[in-house]
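Notes follow once the structure below has been shown.
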Amino acid sequence: MNTQPIGIFDSGIGGTSIFKEIHAFLPHENTIYLADSKNAPYGQKTKEEIIALSIKNTELLLEKNCKLIVVACNTATTNAIKILRDTYNVPFIGIEPAIKPAALNTKTKTIGILATKGTLSSELFHNTTDVYTNSIKILEQVGEGIVLLIEAGKANSVEMKALLETYIKPMIIADIDYLVLGCTHYPYIIPTLLELLPKHVKIIDSGLAVAKQTKSILEQYELLNSSARIPENIFYSNSNVAVLESVLEGKFKVSHLGF
Ligand code: DGL
């Protein structure tokens with residue numbers, strides 16, 4: 001049982017930022033990653049559409065015998081994880097914007113959050129935000145267009161810089177000291193964000209927290225891989241194999257799969 005793979009899915013290549021954290025933290029685990037790039041971005045879709053896509057991805061990973069599923073997508077987590085947990089009999093790990101550490105540590109009492117429309121409009125996001133941000137000003141910004149540029153291999157391009165400038169400028173004027181990245185694609189735009197943000201603004205994402213949580217749940221269910229064999233890390237994309245390979249820096253092979 002414990003040699004079964006961890007399943008990971010995202011609307012595209014963004015969840016590889018989570019895969020990398022998991023792989024560094026749990027190097028002995030077998031993994032299967034699904035990039036549903038054909039249907040990206042999820043962030044502009046309705047809750048019902050996001051749930052249907054999340055079910056499709058989950059069922060494919062379960063057919064491939066996964067022991068635990070990481071929903072490496074804030075949009076899918078905030079809209080669909082409850083239904084997934086209620087429907088399937090494996091543990092699910094989700095990812096949500098790291099509002100809590102930003103809210104607890106901000107000195108200017110002002111934080112920015114960049115995420116998809118689907119995440120920012122979700123009930124789960126609002127419930128979390130309401131708990132931690134009583135006396136804090138939050139600037140919520142929908143990152144429209146960012147995922148599409150990243151999926152096109154233009155994570156740190158001139159177009160990206162121009163787009164991000166429009167999103168970040170109002171946050172700088174409002175004096176944020178934390179910027180929360182609420183989408184697993186966004187770690188790939190950190191180089192451009194660093195060019196735009198004042199030095200004192202800290203960028204935070206939830207990748208490491210997800211890896212730690214994955215380990216702790218595997219321990220709890222006694223599912224850690226104890227085999228001494230070299231693990232397999234398998235990647236499937238239903239659209240742009242080359243861009244997925246490039247964010248993996250050529251370290252892993254990617255196969256095309258229709259799903
Ligand atoms: N990586 C997804 C997330 O974390 C991207 C969403 C999208 O496809 O719009 O929200």
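Read the numbers this way: they start at 1 and go in the same order the structure lists the ligands and their atoms. The shown structure was predicted, so the numbers you read here are calculated from the model rather than taken from an experiment.
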Do other residues, nucleotides or ligands put more than 12 heavy atoms under 6.0 Å from Glu123 CD?
no

If you count the non-hydrogen atoms of other residues, nucleotides and ligands that lie under 6.0 Å from NZ in Lys154, is the total more than 12?
no

N or O pair under 3.5 Å between Thr119 and ligand 1
no

Distance from [atom] to nearest protein heavy atom, with residue and atom:
atom: atom 7 (C) of ligand 1; answer: Tyr42 N, 3.2 Å
atom: atom 9 (O) of ligand 1; answer: Gly43 N, 2.8 Å
atom: atom 10 (O) of ligand 1; answer: Thr75 OG1, 2.6 Å

Numbering as shown, the atoms of ligand 1 that approach [X] to under 4.0 Å (heavy-atom distance):
X: Pro41; value: 7 (C), 8 (O), 9 (O)
X: Ser11; value: 2 (C), 5 (C), 6 (C), 7 (C), 8 (O)
X: Thr116; value: 6 (C), 9 (O), 10 (O)

Among residues two or more places apart or on two chains, list those pairs meeting ring-ring contact (aromatic ring centres under 6.0 Å, His included) that have a residue in residues 39-94.
none

Is ligand 1 under 4.0 Å from a heavy atom in the side chain of Asn74, in the backbone, in both, or in neither?
both

With a heavy-atom distance limit of 4.0 Å, tell me whether Asp10 approaches ligand 1 through its side chain, its backbone, both, or neither.
side chain

Side chain to side chain donor-acceptor pair (under 3.5 Å) with Thr75: which of Thr116, Asp10, Thr184?
Thr116

Would Gly14 count as a contact residue for ligand 1, given that I'm defining contact as a non-hydrogen atom of the residue lying under 4.0 Å from a ligand atom?
no

Do the side chains of Leu181 and Ile190 get nearer than 4.5 Å, heavy atoms only?
yes

Are Glu29 and Lys215 ion-paired here, with the side-chain N under 4.0 Å from a carboxylate O?
no

Parallel, tilted or perpendicular: ring planes of Phe235 versus Phe252, cut at 30 and 60 degrees:
tilted

